[in-house]
Amino acid sequence: MGAAEEKTGAAACFEELCRNAVAEQEKFLMDRLMENKDTEYGKLFGFEDIHSVEEYQKELPITFHYDYEAAIERQVMGEDGILTAERPVYYCISSGSTDSPKYMPIVERDILRQKFYWMDLSQEVIRRHMPDAADEELFGKVFQVGEFRRDFMPDGTMGGVRAGALHRYLEAKGELDFNSFTAPKEVLFPKNTLEDLLYVKLRFALACRDVTAIHGVFVNRVVGVLRFMVENWDALLSDIETGEISDCFLVSHEWETYLKEHLPADPERAAELRAIPQDEMEQGLVKKIWPGIRYAQMIGGSMFKPYMDKFFDYVGDLPIHYFTYAASEGCFGIAGGVNEDDAYYTLLPDTCFYEFMSETGDGEKIYTIRDVEVGSKYELLITTYSGVYRYAIGDVVEVVGFDGQAPIVRVCYRKSQVINVADEKMNVRQLENAMRKFQTRAECTAEGFCVDSDYAKQRPRYMLYLELAEGTLPENAEEILDECLMESCFGYKRDRELAELDRVKIQMIPQGGFKAYGRFMAKLGHSKEQDKPLRILVTEEQKAFFGGALMP
């Protein structure tokens with residue numbers, strides 16, 4: 001990138017935004033209040049009379065998703081001018097705190113800023129890491145692991161996960177270049193179907209010799225795809241050679257017909273792949289399949305350590321860009337470099353207004369970006385383009401540095417979350433709701449239960465440790481529990497349907513096990529553990545106890 005381009009490119013624009021982040025933050029907030037002053041929400045809280053950050057913090061309460069559910073439901077049914085003057089063009093659908101999914105409206109300007117960061121800026125970050133590579137070497141053929149299902153709200157507005165909002169928007173505008181993906185449009189944007197297209201996407205990717213990058217949302221999904229490929233290697237190569245579909249793959253008649261029409265037999269490609277040495281095949285396999293691959297882009301880092309370890313087995317020293325920090329509510333951060341030690345994100349000054357509360361909740365002061373300190377952890381509040389105000393997203397972040405005036409953060413954990421194996425974000429309320437249903441249907445009563453993640457199988461799963469007070473478990477107890485978890489958590493249901501999670505495993509605990517745990521923790525000086533029920537295993541002592549190593 002030449003000097004003139006640097007001055008006018010996305011990176012230069014972002015550098016200027018970060019340099020003046022404090023002013024940009026205040027401008028963002030005041031602009032949102034002014035443009036939405038005549039909305040129902042704006043009139044309720046007197047947006048027109050708020051002229052400073054301090055007045056905003058004084059007049060508006062801290063909010064949660066349940067504060068908006070009734071308003072969003074009215075918007076979904078067609079009412080305008082409730083939360084924003086601008087009508088939503090997309091609804092993010094994600095796991096809510098009850099049985100039903102939650103909806104988050106997204107306005108067009110939100111998606112346009114998402115495009116700037118997810119496409120324009122992230123591409124320049126990757127170019128800076130590999131300045132001698134031409135664009136076609138970096139972005140020519142992308143193996144996009146994700147797929148963006150064609151979901152719609154009752155009024156016809158597009159809906160789906162946040163990761164699909166930008167691609168769906170650009171596709172609807174005719175602005176998405178499908179030639180840059182290994183899979184065709186019909187695979188990337190399937191109609192409303194619950195079928196997992198992992199096999200279909202892999203067949204197209206393996207047929208392509210000149211893949212330049214792997215893109216995904218979360219690293220766990222990418223690892224799942226690569227693991228599936230390794231475990232079904234011989235069958236996949238046979239299908240490439242013959243143009244048929246082996247019996248071991250579950251593919252609907254519709255997609256079987258589609259594949260046979262679009263991917264005829266290719267014995268030459270099959271022979272190329274068979275030439276890969278079988279000894280230690282997994283080590284660096286991605287580069288052996290696609291010698292021209294230059295990088296991977298996905299959300300990963302220390303929060304996903306088991307997956308990251310396996311990912312690097314498959315890709316070796318392939319550069320990785322940790323992409324973005326985002327959620328249904330908005331886009332918050334972008335990874336500023338490639339091959340960083342962990343997933344560090346510069347907070348975006350012009351997509352949200354950020355406030356920071358002490359991680360512990362101690363003290364009444366709520367900070368803005370001008371006040372936060374390196375090394376401190378904070379719970380994040382956001383105000384967005386799309387109509388949430390002083391919204392407690394539940395994330396705890398650590399400030400690790402600054403880019404100009406913009407904080408660089410590492411995401412530590414989600415306060416409301418009980419377990420998050422594959423981005424399902426199941427919280428305590430959902431888990432307990434599922435267990436209430438399970439005890440009714442299985443005709444048993446639990447003395448105690450807690451859950452942990454289990455990575456021992458091909459796909460990760462929940463391990464539920466259960467001590468019964470009354471009754472016995474039916475033979476299909478795990479199937480019943482799995483159904484209850486899917487009913488109680490939309491994210492769990494989605495990831496089970498996409499085969500990102502395996503069915504839950506129940507591990508029975510002997511009678512008196514949970515009381516023994518209380519005594520065990522008391523001996524370690526943690527008497528408070530007896531005052532509230534344990535629901536997720538976090539510490540090594542907890543995992544060792546329920547795993548059997550320490551249980552009497």
| query | With sequence neighbours left out, what residues match Glu73 under salt bridge (charged side-chain N to carboxylate O under 4.0 Å, His left out)? | reply | none
| Under 3.5 Å, side chain of His65 to main-chain N/O of Met104, donor-acceptor pair present? | no
| Aromatic ring proximity Tyr90/Tyr169, centre distance under 6.0 Å | no
| field | From Asp495, Leu501, Asp454, residue fulfilling side chain to side chain contact (heavy atoms under 4.5 Å, CB included) relative to Val421 | value | Leu501
| Glu16 and Asn20: side chain donor to acceptor below 3.5 Å | yes
| Working for side-chain hydrogen bond (donor to acceptor under 3.5 Å, both in side chains), residues Asp110 and Ser386 | CA-CA 7 Å; Asp110 191 329; Ser386 299; 2.9 Å; yes
| request: Measure the CZ-CD distance between Arg128 and Gln123 for me, rounded to the nearest 0.5 Å. | output: 12.5 Å
| said: Do Arg32 and Phe28 form a cation-pi contact, if we require the NZ or CZ to be under 6.0 Å from the six-membered ring centre and within 45 degrees of the ring's axis? | reply: yes
Only distances under 3.5 Å count here; give the side-chain donor-acceptor pairs of residues 334-344 to other protein atoms, sequence neighbours excluded, each with its distance to 0.1 Å.
unit_1	atom_1	unit_2	atom_2	d
Asn339	OD1	Ile320	N	3.0
Asp342	OD1	Ser302	N	2.9
Asp342	OD1	Ser302	OG	3.4
Asp342	OD2	Ser302	OG	2.7

| task | Kindly say whether Gly146 contributes a backbone atom to a donor-acceptor pair with the side chain of Gln144 at under 3.5 angstrom? | result | yes
| task | Assign the ring pair Tyr378 / Tyr367 to parallel, tilted or perpendicular, where the plane angle (0 to 90°) is split at 30° and 60°. | result | perpendicular
| said: Quick check on side chain to side chain contact (heavy atoms under 4.5 Å, CB included): which of Phe311, Tyr314, Phe143 does Val222 satisfy it with? | reply: Phe311
| query | Using 4.0 Å as the upper bound for N to carboxylate O, is an ion pair formed by Lys141 and Glu136? | reply | no
| note | Separation between CG (Leu485) and CD (Glu424), nearest 0.5 Å, reads 10.0 Å
| query | Are the charged groups of Arg74 and Glu69 less than 4.0 angstrom apart, N to O? | reply | no
| said: Please evaluate residues Tyr325 and Asp395 with respect to the criterion side-chain hydrogen bond (donor to acceptor under 3.5 Å, both in side chains), reporting the C-alpha separation (whole Å), side-chain torsions for both, the decisive distance (0.1 Å), and the verdict. | reply: CA-CA 11 Å; Tyr325 171 31; Asp395 285 358; 2.6 Å; yes
| OG1 on Thr212 to CG on Asp135, rounded to 0.5 Å | 10.0 Å
| Mutual orientation of the aromatic rings belonging to Phe14 and Tyr117 [parallel < 30°, tilted 30-60°, perpendicular > 60°] | perpendicular
| request: State, yes or no, whether a side-chain contact exists between Phe45 and Glu59 at a heavy-atom distance under 4.5 Å. | output: no
| query | With the threshold set at 4.0 Å, does a side-chain nitrogen-carboxylate oxygen contact exist between Lys288 and Glu282? | reply | no
| field | Over 12 non-hydrogen atoms of neighbours within 6.0 angstrom of CZ in Arg370 | value | no
| said: Ring-plane angle category for Tyr295 and Phe139, please: parallel below 30°, perpendicular beyond 60°, tilted otherwise. | reply: perpendicular
| query | Does the side chain of Tyr68 come within less than 4.5 Å of Thr63's, by heavy atoms? | reply | yes
| When Glu108 is tested against each of Lys115, Arg87, Lys173 for salt bridge (Lys or Arg N to Asp or Glu O under 4.0 Å), which residue passes? | Lys173
| With ring centroids as reference points, do Tyr492 and Tyr462 lie under 6.0 angstrom apart? | yes
| Mind checking whether Phe356 and Tyr354 have parallel, tilted or perpendicular rings, split at 30° and 60°? | tilted
| message | Is the terminal nitrogen or CZ of Lys310 (NZ for Lys, CZ for Arg) located under 6.0 angstrom from the six-membered ring centre of Phe312 and within 45° of that ring's axis? | response | no
| query | So, Glu500 and Arg459, do they make that salt bridge, N to O below 4.0 Å? | reply | no
| query | Can you check salt bridge (charged side-chain N to carboxylate O under 4.0 Å, His left out) on Lys287 and Asp317, steps first, answer last? | reply | CA-CA 10 Å; Lys287 288 186 176 181; Asp317 61 354; 2.3 Å; yes
| About how many Å separate OG1 of Thr368 and CD of Glu54, when rounded to the nearest 0.5 Å? | 8.0 Å
| query | Looking just at side-chain N and O atoms, do Thr383 and Tyr56 make a donor-acceptor pair shorter than 3.5 Å? | reply | yes
| task | Determine whether the side chains of Gln114 and Arg162 contain a donor N or O and an acceptor N or O closer than 3.5 Å. | result | yes
| field | Test side chain to side chain contact (heavy atoms under 4.5 Å, CB included) applied to Leu83 and Thr384, Ile72, Val107, Val388, the passing residue | value | Ile72
| field | Geometric cation-pi criterion, Arg113 with Phe116: 6.0 Å, 45° | value | yes
| What residues, two or more places apart in sequence or in another chain, satisfy salt bridge (charged side-chain N to carboxylate O under 4.0 Å, His left out) together with Arg390? | Glu355
| task | Compute both the distance and the angle, then confirm whether Arg19 meets the cation-pi test with Phe402: under 6.0 Å from the six-membered ring centre, within 45 degrees of the axis. | result | no
| message | If you apply the rule ring-ring contact (aromatic ring centres under 6.0 Å, His included), what do you find for Tyr389 with Phe47, and how did you get there? | response | CA-CA 11 Å; Tyr389 305 91; Phe47 282 7; 5.1 Å; yes
